[in-house]
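Below, read A as the first sequence line, B as the second, and so on, with proteins coming before strands; counting in each chain starts at 1.
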Number of protein chains: 2
Amino acid sequence: MELFFSALADRTRLRLINLMGSDELCVCFFVEVLGTNQPKISRHLAYLRNAGLVEPRREGKWMHYKVVEPSDPHAAHVFSEVRAWLTEDPEMRRDRERLIKVCCAPQPPVLIQGAPKPASLTA
Amino acid sequence: MELFFSALADRTRLRLINLMGSDELCVCFFVEVLGTNQPKISRHLAYLRNAGLVEPRREGKWMHYKVVEPSDPHAAHVFSEVRAWLTEDPEMRRDRERLIKVCCAPQPPVLIQGAPKPASLTA
DNA sequence: CGCTCGCATTCGCTAAAGCGAATATGATTT
DNA sequence: AAATCATATTCGCTTTAGCGAATGCGAGCG
């Protein structure tokens, strides 16, 4: 229970959860959108993984992360409400817009060239 | 938002919130039931106060604390779900039973003799 | 098969959290 | 007014969290 809330008690991790939305997302997009270094992202994703809030999937050399529903019903309920909460935060909104912009750019940033785009944006 | 979750990311603070339930409670009861020193309780109550989750009320030399509904609707929703969650935790359950036992004892512990009992137990 | 690419982990370091012991504060009692 | 009581705060310390820089590692590519 404390682990669960500790995982949510950090802005970077909240931003990661927000960016995943309901799809999985490639790590390089997190790095690009949050505009920070890669080890930082990776560490926070590991934190979320240990807390059981997120699951990785390998696709060639790329790693994708997606949000996973907690097994405990109360945790699940709280978590889904938190994700709805994120939707209304201004910074979170900006992050999501930035993700779209980055994906759809005719000349995408070097960091994400060739990376598998999120399914929700290619469909 | 991080402040909110940080406040919940500590077992002692969760136990305090749990003990308040829906009534206000005198500080000395927290000390007695958690079986720890007084400054520790006081510091954690201050933390909850700063996070806006709790409100103090003075009654003579006694201080009472009660849970307060967060102004943000999302926070309020999450918070109430968290409090329901606490209800089912074994340690939290034991704490509440211990509170009742301590209040109703014919010879209460010295620490709480003369302290105003929680309204829910005197009614 | 060596090289690069994407990501994970390790390494020092700094900052913050939590703790018990001691002390301060503010209200009551004597 | 002094002593006492309930609570808050401060102090010094230890532990933990978060950071950037550097390094490790598995998967694809030349």
Checklist entry - Could you state the NE2-P distance from B:H44 to D:dT9, rounded to the nearest angstrom? => result 14 Å
Checklist entry - In whole Å, what is the span from the CD atom of B:E2 to the P atom of C:dA16? => result 14 Å
Item to check | Minimum side-chain heavy-atom gap A:Y47-A:R13 below 4.5 Å | outcome: yes
Next on the checklist: Does A:Y65 reach a base, just sugar-phosphate, or nothing at all? Heavy atoms under 4.0 Å.
Outcome noted: sugar-phosphate
Item to check | B:C26, nearest nucleotide to its side chain (from D:dA22, D:dT7, D:dC19) | outcome: D:dT7
Item to check | NZ/NE/NH1/NH2 to OD/OE distance under 4.0 Å, A:R57 and A:E59 | outcome: yes
Next on the checklist: For A:Q38 and B:Q38, find the nucleotide of DNA chain D closest to each by heavy atoms; which residue's nucleotide sits nearer the 5' end?
Outcome noted: B:Q38
Next on the checklist: I need the minimum non-hydrogen distance between A:L3 and A:N50, along with the two atoms involved.
Outcome noted: CD2-O, 3.8 Å
Next on the checklist: Please compare B:N37 and A:R43 by the position of their nearest nucleotide in DNA chain C and report the one closer to 5'.
Outcome noted: A:R43
Next on the checklist: Tell me the interatomic distance from A:M63, atom CE, to C:dA8, atom C1', rounded to whole angstroms.
Outcome noted: 9 Å
Checklist entry - What's the closest nucleotide to the A:W62 side chain, out of D:dA21, C:dG6, D:dA6? => result C:dG6
Checklist entry - Which is true for A:R11 with a 4.0 Å heavy-atom rule: it touches a base, it touches only sugar-phosphate, or it touches nothing? => result nothing
Checklist outcome for this item: A:H64 atom NE2 is separated from D:dA27 atom P, nearest whole Å, by 15 Å
Checklist outcome for this item: Ranking A:A46 and A:R58 by the position along DNA chain C of their nearest nucleotide, the one closer to 5' is A:R58
Checklist entry - Between A:D89 and A:R11, is the closest basic N to carboxylate O distance under 4.0 Å? => result yes
Checklist entry - Expressed in angstrom and rounded to an integer, what is the separation of B:L45 atom CG from D:dA6 atom C1'? => result 13 Å
Next on the checklist: Before you tell me yes or no, could you show the steps for A:V82 and B:F5 under side chain to side chain contact (heavy atoms under 4.5 Å, CB included), namely the whole-Å CA-CA distance, both residues' side-chain angles and the distance that decides it to 0.1 Å?
Outcome noted: CA-CA 10 Å; A:V82 169; B:F5 289 118; 3.5 Å; yes
Item to check | Whole-Å distance separating the CZ atom of A:R57 from the P atom of C:dG6 | outcome: 17 Å
Next on the checklist: Measuring from the side chain of B:S42 (C-beta onward, heavy atoms only), which nucleotide among D:dT7, C:dC19, C:dT9 has the closest atom?
Outcome noted: D:dT7
Checklist outcome for this item: Rounded to whole Å, the NZ-P distance (B:K40 to D:dG12) equals 22 Å
Checklist entry - What does B:Y47 touch in the nucleic acid at a heavy-atom separation under 4.0 angstrom: a base, only the sugar-phosphate, or nothing? => result sugar-phosphate
Checklist entry - Can you check the A:E32 CD to C:dC7 C1' distance for me, whole Å? => result 16 Å
